[in-house]
Each structure stands twice: as structure tokens, then as C-alpha cells.
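Step one of this worksheet: look at the structure below.
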Amino acid sequence: MNELFSVKDKVVVMTGGTGVLGHCISVYLAGEGAKMVILGRNAQVGDSIVDEIRTAGGEAIFIQADVMDVASVQNACDTVIRTYGKVDSLLNAAGGNMPGATIPPTGTFFDVKVEDFEKVLGVNLTGTVIPTQVFLKPMVEAGKGTIVNFTSMASFRPLSRIMGYSAAKAGVSNFTAFMANEIATKFSPEIRMNAIAPGFFLTNQNRALLTNEDGSLTQRGQDVIRQTPFKRFGKPEELCGTIQYLISDASSFVTGTVSIVDGGFNTFAM
């Protein structure tokens with residue numbers, strides 16, 4: 001059997017693992033034989049995902065952690081090492097947005113709340129840097145590993161309204177390229193960092209922005225579909241193959257890239 005894309009027995013840590021996308025990816029990778037470590041703040045949701053994985057015959061644990069708290073993330077890493085003795089992959093999926101970091105349709109730049117802008121930068125960008133700094137250490141000791149950051153369409157195009165989120169995700173893409181070189185030249189070329197840029201997927205975070213209560217599209221949702229050649233939103237499971245590729249040996253000569261999974265949104269032109 002070809003093991004090129006195998007993730008069997010890999011210890012995969014996922015921040016933001018209790019979200020819609022994190023949940024789907026965790027269940028999929030566990031089904032492929034990975035040992036999933038789900039990090040998040042909501043223990044009830046995290047425990048239910050672990051139960052779902054175990055019921056299906058997979059292996060997973062949940063650790064309550066806040067990606068903005070270094071001590072919390074370090075405690076999670078210590079727990080992983082005690083439990084499994086290694087970290088093979090880190091998926092930095094934690095993130096979010098706040099109304100104060102956006103510009104409402106009838107508002108202007110002057111309505112942005114700087115404190116909320118800083119919080120959005122923090123949870124998306126610093127919330128990627130902190131877990132990377134913590135979980136990279138056991139990878140450096142082992143001389144191998146993979147890290148996949150979650151960026152966004154907003155990192156390529158200045159999407160209207162979401163100023164703080166766009167700035168943060170552009171930072172994540174830049175951080176990915178910077179660290180790919182930093183890691184390979186100072187530690188090991190067998191430790192790779194890449195990113196995935198999902199297009200528009202319906203999540204708890206953006207559902208009210210893109211759809212009405214009756215399921216019809218809002219004006220913003222219509223704008224997204226109009227600019228998406230596939231004419232639909234993505235399905236969470238459509239991210240799984242790219243993630244598996246990026247953490248498997250199939251991408252052994254790939255680092256510093258952003259893999260776009262967007263139904264063609266980023267190619268759209270008038």
C-alpha cells in the first residue's frame with residue numbers, strides 16, 4: 001500500500017478544534033488513524049467531539065486551552081508530551097472576529113474600536129504565534145514535524161468591512177512564509193510550515209453575515225456567490241484532503257506556501 005499520504009499514528013494538535021471546521025477536520029484525521037489533540041476553550045463541545053471520534057474507533061483527547069495564554073498552551077503541550085511523547089503536527093485554526101473591528105455598512109473607518117482591532121489581531125495572529133512557539137520546541141528536538149496555519153481570502157484581497165480580521169490574516173500568511181525559512185535554515189528542513197486559505201464556508205462565526213434566518217442569502221452572501229466560480233459555499237469536509245496532504249510525506253518538499261481552497265473565489269475578475 002502507498003503510504004505517501006498516510007497520517008496513521010501521527011500526533012496532531014489542533015487549536016480552535018471546537019469550531020465547525022476544526023471539528024470536521026479532527027474527525028476526518030482521526031478516521032485516517034491520526035491521534036488527535038483538540039484544543040479549545042469550550043470543554044463541553046471538545047469532550048463531545050472526542051466522544052464522537054472514540055465511538056467511531058479513533059483516538060483523541062481534549063485539552064482546555066486559550067491560545068492567547070502562554071502558560072495555558074504550555075500546559076497543553078506538556079500534557080501531549082506526557083500522553084504521547086511527541087508532536088508530529090500542529091494545526092493553528094483558532095481565530096475570530098469582533099464587531100468593533102469591522103466597519104458597518106453605514107459606518108466609516110472612524111467607527112472602528114482600536115481595542116477590538118487589537119483583540120482581533122491578537123486572537124488570529126498572536127494566537128498563531130504562541131502555539132507555534134510552544135509546540136515547535138518538541139518538533140525541533142525530534143528534528144521533524146509539520147505546522148499548518150489557517151489564513152483567509154481576506155489575506156489576499158481587501159474585503160470590505162472586516163478590516164481587523166483582514167489585517168490579522170494577512171499577518172498569518174506573512175508569518176507562514178517567514179517561519180518556513182527560519183525553521184528550515186536554523187533547525188531542520190524536515191520541519192515544514194504551510195498555511196491553508198479556506199474560501200467561504202458557513203461557520204458559527206459568519207453564518208448570520210452570509211445567510212438570513214430563513215436560509216436565503218444576505219446581500220453579502222450574494223456578493224460572495226457571485227464572485228465564486230463554483231457558485232456555492234464550501235463544505236467543511238472539502239478542506240480535509242488539503243490538510244492531509246500538508247501534514248503527510250506527500251508534501252515533503254513543500255514549505256512556506258498558502259494552499260487555497262475556495263471554489264475559485266480568489267481567481268474572480270470582472
Side-chain angles (χ1 to χ4, degrees), residues 3 5-18 22 25-26 28-30 32-41 46 49-50 53 58-95 123-151 172 175-196 243-257:
E3 300 291 330
F5 290 87
S6 176
V7 295
K8 183 174 174 56
D9 295 326
K10 288 185 181 292
V11 177
V12 180
V13 177
M14 176 161 233
T15 73
T18 56
I25 292 167
S26 294
Y28 171 81
L29 292 177
E32 292 294 303
K35 298 175 181 178
M36 291 303 305
V37 179
I38 299 166
L39 305 189
R41 292 182 295 179
I49 296 172
V50 168
I53 289 172
E59 185 169 351
I61 61 173
F62 172 75
I63 305 173
Q64 195 166 30
D66 181 349
V67 294
M68 292 297 292
D69 184 334
V70 176
S72 172
V73 177
Q74 185 61 59
N75 175 69
C77 184
D78 293 342
T79 301
V80 175
I81 296 302
R82 284 197 303 270
T83 305
Y84 294 116
K86 64 174 183 172
V87 176
D88 292 303
S89 299
L90 169 66
L91 307 180
N92 280 313
V123 71
N124 290 283
L125 182 52
T126 309
T128 296
V129 173
I130 289 174
T132 297
Q133 195 167 53
V134 171
F135 285 99
L136 177 61
K137 290 179 181 177
M139 294 184 190
V140 170
E141 292 173 1
K144 59 182 179 179
T146 56
I147 300 173
V148 179
N149 301 322
F150 277 60
T151 183
V172 171
F175 174 70
T176 299
F178 174 86
M179 285 298 296
N181 177 68
E182 186 79 0
I183 292 169
T185 56
K186 294 184 180 178
F187 301 119
S188 170
E190 292 190 46
I191 305 174
R192 301 180 289 105
M193 178 182 283
N194 292 288
I196 186 170
I243 292 290
Q244 182 168 359
Y245 163 71
L246 289 174
I247 67 173
S248 72
D249 290 343
S251 59
S252 61
F253 199 53
V254 179
T255 197
T257 67

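- Minimum heavy-atom separation, Val67 to Val73: CA-CG2, 3.8 Å.
- Here CG of Asn194 is found 12.5 Å from CE of Met179. Values are rounded to the nearest 0.5 Å.
- Within the 4.5 Å cutoff, side-chain heavy atoms of Val129 are placed close to those of Phe175.
- Counting heavy atoms from C-beta outward, Lys35 and Thr83 have side chains that stay 4.5 Å or more apart.
- Rounded to the nearest 0.5 Å, atoms NZ (Lys137) and CD1 (Ile81) are 12.0 Å apart.
- Evaluation of the salt bridge (Lys or Arg N to Asp or Glu O under 4.0 Å) test over residues 78-93, restricted to residues two or more places apart or in two chains, returns Lys86-Asp88.
- Here the CD1-CG distance, from Ile25 to Leu91, works out to 7.0 Å after rounding to the nearest 0.5 Å.
- Contact record, Leu246 with Ser251: O-OG, 3.2 Å, taken as the closest heavy-atom pair.
- Going from atom CG of Asn75 over to atom CD1 of Ile63 covers 7.5 Å, rounded to the nearest 0.5 Å.
- Of all the heavy atoms in Ser72 and Ala65, the pair that sits closest is OG-CA, 3.2 Å.
- Residue Gln74 forms a side chain to side chain contact (heavy atoms under 4.5 Å, CB included) with just one option from Thr79, Ile130, Val134, and that option is Val134.
- Side-chain contact check for Met139 versus Ile183: every heavy-atom pair is 4.5 Å or farther apart.
- Residue Glu141 holds its CD atom at 10.0 Å from CG of Leu136, rounded to the nearest 0.5 Å.
- Contact annotation: the side chain of Leu29 approaches that of Ile243 to within less than 4.5 Å [non-hydrogen atoms, C-beta and beyond].
- A donor-acceptor pair under 3.5 Å is formed between the side chain of Ser248 and the backbone N or O of Tyr245.
- The nearest pair of heavy atoms linking Gly17 to Ser26 is O-OG, 4.5 Å.
- In this structure Asn149 satisfies the side-chain hydrogen bond (donor to acceptor under 3.5 Å, both in side chains) test together with Asn92, Thr176, sequence neighbours excluded.
- Of all the heavy atoms in Lys10 and Ser6, the pair that sits closest is CE-O, 3.6 Å.
- Rounding to the nearest 0.5 angstrom, the gap separating the CE atom in Met193 from the CZ atom in Phe178 is 10.5 Å.
- Listed by first and then second residue, the side-chain hydrogen bond (donor to acceptor under 3.5 Å, both in side chains) pairs that reach into residues 58-71 are Glu59-Tyr84, sequence neighbours excluded.
- The backbone N or O of Arg192 lies less than 3.5 Å from no partner atom in the side chain of Thr255, so there is not a single donor-acceptor pair.
- Between Asn124 and Val172, the shortest heavy-atom contact is O-CG2, 3.5 Å.
- Using a 4.5 Å cut-off on side-chain heavy atoms (C-beta onward), Leu39 and Phe135 make contact.
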### Query
Is there a side-chain contact (heavy atoms from CB on, under 4.5 Å) between Val7 and Val12 once you walk through the steps?
CA-CA 9 Å; Val7 295; Val12 180; 5.7 Å; no
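- At distances below 3.5 Å, at least one donor-acceptor pair connects side-chain atoms of Gln244 with backbone N or O atoms of Phe5.
- Using a distance-only test at 3.5 Å, with no hydrogens or angles considered, a donor-acceptor pair links the side chain of Thr15 to the main chain of Ala93.
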